[in-house]
Amino acid sequence: MTAASASAVLDRDGLDALVTVLVAQGRTVVGPTVRDGAVVLAELTSADELPYGWGVELDAGRYRLVPREDGAAFAHSAGPQSWKNFLHPAHERLWSADRTPEGQVAFTAEEPAAPSYAFLGVRPCDLRAIAIQDRVLAGGRYADSGYGRRRSGALLIAAECTEPGATCFCVSTGGGPAADTGYDLALTEVVDTDGHRFFVRVGSEAGARLLEQVPRRTADESTRTRALTSVEAARDRMGRSLPPVDLRALMGSSMDAERWNDVAARCLTCGNCTMVCPTCFCTTTEEVTDLTGDHTERWQRWDSCFDLDFSYLHGGPVRRSARSRYRQWLTHKLSTWHDQFDSSGCVGCGRCIAWCPAGIDITEEVAALESETGTETD
Ligand code: SF4
Ligand code: SF4
């Protein structure tokens, strides 16, 4: 059996040990935990901090924690953050410069050692989002060195989805609740009368080495079957879907649609959808100088195509209206992203729906465009 096809079962003690081993290795373990009324991603020092017994209730513009009687740890869908908060942080200092006593300027590049991350509980949609950001930020001629440093040593422990949220639609973006690729270990949580356990599949040599260090047992047929059927059942329980049409063609034929005016009347151009989106990657840079003028720093920070300044060229912004900015965002996500990066820019995580203060729903907007412009189905 190759490492990539091996499987095992962990009990809760095994999951505890997994986190303990990772912490002992000096890794920064990041995973879901309950904080500020949400399941957030934060550094974990023990598996006890996982959100055992918490689920979430989602809708457009709505997110609530709800207690669960089964005590499951991974029975929640995407929260307000994604792994980009760690791999591609919202603020990052690129360099600083100081005036020397001789009147020269001395530059210092900012290249701190990256934490050795272990991400625990990565959803299949987020595995795909990480793969997209890898292509955008670590590939090509202008790779982001900070992203590369943080990403290169990161260990990914997936948690397959058995409880999709009401805003989830990964299946209609070509994904699904099962982890197919890009993970070191993939866990599927099973809670039934036989107990609380995790079916584990190995996806890499690093994952196999890690698994060898924790108490585990051979995967029994009942746990394997229960895990696979729960994930398969989740495919049919997606809360939302995109219309089954050629979305690139739809966006191309919708440039003058009336629907853009409708959504523009509701959109606050706050940019929340781009901040929570696990694939959005745009940044800008700004200089911050101290009051003496002897020290300056260049910072990179997330930017948003909903920001008026985002399209500022000589003389003013190109996209002045909410209509043009929402259209730009959606057209890039579903259409021109393919031209740039050979994939859609949407993995169907549903974050932009839940965290939009106006409750704007990307699936509803696409359906409205489809019914207005009448693109034929596949
Ligand atoms: S769609 Fe919603 S989240 Fe996005 S910019 Fe508009 S109001 Fe903000
Ligand atoms: S566009 Fe919305 S649903 Fe798609 S990946 Fe981004 S946040 Fe998730």
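Note: hydrogens, waters and symmetry copies are ignored here, and every other heavy atom, side chains too, is used. Order of listing sets the numbers, starting from 1, for every ligand and every atom in it. Index from 1, following the sequence.
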Task: atom 3 (S) of ligand 1 [closest protein heavy-atom partner, distance rounded to 0.1 Å] - done: Cys273 N, 3.3 Å

- [ ] Would you mind running through ligand 2 and noting each atom that sits below 4.0 Å from a heavy atom of Phe169?
- [x] 3 (S)

Task: Distance from atom 7 (S) of ligand 1 to nearest protein heavy atom, with residue and atom - done: Leu268 N, 3.2 Å

Task: Under-4.0 Å salt bridge between Arg123 and Glu160 - done: no

- [ ] For residues Trp83 and Tyr147, establish whether the separation of their ring centroids is below 6.0 Å.
- [x] no

- [ ] Mind listing the protein N/O/S atoms less than 2.8 Å away from atom 4 (Fe) of ligand 2? Waters don't count.
- [x] Cys346 SG

TODO: Mark up the atoms of ligand 1 that fall under 4.0 Å of a heavy atom belonging to Cys270, in ascending order.
DONE: 3 (S), 5 (S), 7 (S), 8 (Fe)

- [ ] Decide, yes or no, whether a salt bridge links Arg197 with Asp192 under the criterion of side-chain N to carboxylate O below 4.0 Å.
- [x] yes

Task: Which residue and heavy atom of the protein sit nearest atom 2 (Fe) of ligand 1, plus the separation - done: Cys356 SG, 2.3 Å

Open item on the list: Could you see if Trp337 belongs to whatever hydrophobic cluster contains Met275? Use Ile, Leu, Val, Met, Phe, Trp, Tyr and a side-chain cutoff under 4.5 Å.
Closed with: no

Task: Sub-4.0 Å atoms of ligand 1 with respect to non-hydrogen atoms of Thr269 - done: 5 (S), 6 (Fe)

- [ ] Among Arg266, Arg327, Arg240, Lys333, find the one that has a salt bridge (charged side-chain N to carboxylate O under 4.0 Å, His left out) with Glu365.
- [x] Arg266

Open item on the list: Suppose I only count heavy atoms of Asn272 and a 4.0 Å limit; which atoms of ligand 1 are within that range?
Closed with: 3 (S)

Open item on the list: Do Ser304 and Thr274 pair up side chain to side chain, a donor and an acceptor below 3.5 Å, judged on atom types alone?
Closed with: yes

- [ ] State plainly whether the residues Arg259 and Glu372 are in salt-bridge range, i.e. N to O under 4.0 Å.
- [x] no

TODO: Would you mind telling me if ligand 2 is within reach of the side chain of Trp355, the backbone, both or neither, using heavy atoms under 4.0 Å?
DONE: neither

TODO: Provide the number and element of each atom of ligand 1 under 4.0 Å from a heavy atom of Cys267.
DONE: 1 (S), 5 (S), 6 (Fe), 7 (S)

Open item on the list: Before we go on, tell me: are the rings of Phe86 and His88 under 6.0 Å apart, centre to centre?
Closed with: no

Open item on the list: With clusters defined by side-chain heavy atoms of hydrophobic residues (ILVMFWY) lying less than 4.5 Å apart, directly or transitively, does Val34 cluster with Val30?
Closed with: no

- [ ] With Arg12 as the cation and Tyr52 as the aromatic partner, state whether NZ or CZ is under 6.0 Å from the six-membered ring centre and within 45° of the axis.
- [x] yes

